[in-house]
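Structure, as structure tokens:
Note that these values count all heavy atoms, side chains included, but never hydrogens, waters or copies made by symmetry. The structure displayed is predicted, hence computed values, not measured ones.
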Amino acid sequence: QVQLVESGGGLVQPGGSLRLSCAASGIIFRINDMGWYRQAPGKQRELVATIISGSSTNYADSVKGRFTISRDNAKNTVYLQMNSPKPEDTAVYYCNARGLAARTSIYDFDAWGQGTQVTVSS
């Protein structure tokens with residue numbers, strides 16, 4: 001079974017920086033997409049950024065120019081560099097990964113991390 005473990009969340013001041021990490025573990029053949037989503041209190045979960053197996057990236061308009069997503073394929077890890085965060089970026093951030101893994105047979109997986117809290121406040 002594929003598991004995702006996030007780290008790096010916490011309290012950050014507006015205009016500061018923070019880097020989130022998410023490592024996937026399990027018998028993984030290939031990870032196609034990796035991404036970050038977030039959910040603020042009382043709101044639906046929304047896409048922050050995604051990165052395809054090559055280097056194609058996609059960002060929510062609200063974070064373009066401030067956040068950068070990257071991945072280390074050798075480590076099955078995705079990162080989210082958050083620069084100049086704003087109070088409205090406060091949310092629980094979730095990592096997502098999709099690809100092929102193996103248990104008794106090869107199967108498609110769509111895994112989520114447990115979430116990490118990011119609070120932007122002075």
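Considering all non-hydrogen atoms of both residues, Ser17 and Pro85 come closest at N-CD, 4.3 Å. The nearest pair of heavy atoms linking Ala102 to Phe29 is CB-CE1, 3.2 Å. The two atoms that bring Ile31 and Ala97 nearest to each other are CG2-CB, 4.2 Å, heavy atoms only. The two residues Arg71 and Asn32 come nearest to each other via the heavy atoms NH1-O, 3.2 Å. Ala91 and Gln117 get closest at one heavy-atom pair: O-NE2, 3.5 Å. Considering every non-hydrogen atom in both Leu4 and Cys22, the closest pair reads CB-SG, 3.8 Å.
Criterion: ILVMFWY side-chain heavy atoms under 4.5 Å apart, direct or through other members. Under it, Tyr93 and Val5 are not part of a common hydrophobic cluster. Residues Val63 and Trp36 are members of one and the same hydrophobic cluster, defined by side-chain heavy-atom contacts under 4.5 angstrom among Ile, Leu, Val, Met, Phe, Trp and Tyr. There is no path of hydrophobic side-chain contacts, each under 4.5 Å, that joins Leu80 to Val92. Using a 4.5 Å cut-off between side-chain heavy atoms of Ile, Leu, Val, Met, Phe, Trp and Tyr, with links allowed through other members, Phe109 and Ile51 fall into the same hydrophobic cluster. The cluster map of Ile, Leu, Val, Met, Phe, Trp and Tyr, joined by side-chain heavy atoms under 4.5 Å apart, puts Tyr37 and Phe67 in different clusters.
With values rounded to the nearest 0.5 angstrom, Arg38 atom CZ is found 13.0 Å from Arg45 atom CZ. The distance from atom OG of Ser25 to atom CD of Gln1, rounded to the nearest 0.5 Å, is 9.5 Å. A distance of 8.5 Å separates CZ in Arg30 from CG in Asp108, rounded to the nearest 0.5 Å.
Side chain of Thr119 to backbone of Thr90: no donor-acceptor contact under 3.5 angstrom is found. Judged purely by atom type and a 3.5 angstrom limit, Glu6 uses its side chain to pair as donor or acceptor with the backbone of Gly115. The backbone N or O of Ala111 lies less than 3.5 Å from a partner atom in the side chain of Asn96, making a donor-acceptor pair.
Side-chain contact between Ile28 and Val2 is present, with heavy atoms from C-beta onward closer than 4.5 Å. Looking at Met82 and Arg66, their side chains never come closer than 4.5 Å, going by heavy atoms from C-beta outward. For the pair Val120 and Val118, the minimum side-chain heavy-atom distance is below 4.5 Å. Leu100 has its side chain within reach of Ile106: a pair of non-hydrogen atoms, C-beta onward, lies under 4.5 Å apart. Counting only heavy atoms from C-beta outward, the side chains of Asp72 and Tyr79 approach each other to under 4.5 Å. Residues Leu11 and Ser121 meet the side-chain proximity criterion, which asks for heavy atoms closer than 4.5 Å. Residues Met34 and Ile69 are not in side-chain contact: their nearest non-hydrogen atoms beyond the backbone lie 4.5 Å or more apart.
Taking the six-membered ring for Trp and thresholds of 30 and 60 degrees, Tyr94 and Trp112 have ring planes more than 60 degrees apart, a perpendicular arrangement.
Under the 4.0 Å criterion applied to side-chain N and carboxylate O atoms, Asp61 and Lys64 are assigned as salt-bridge partners.
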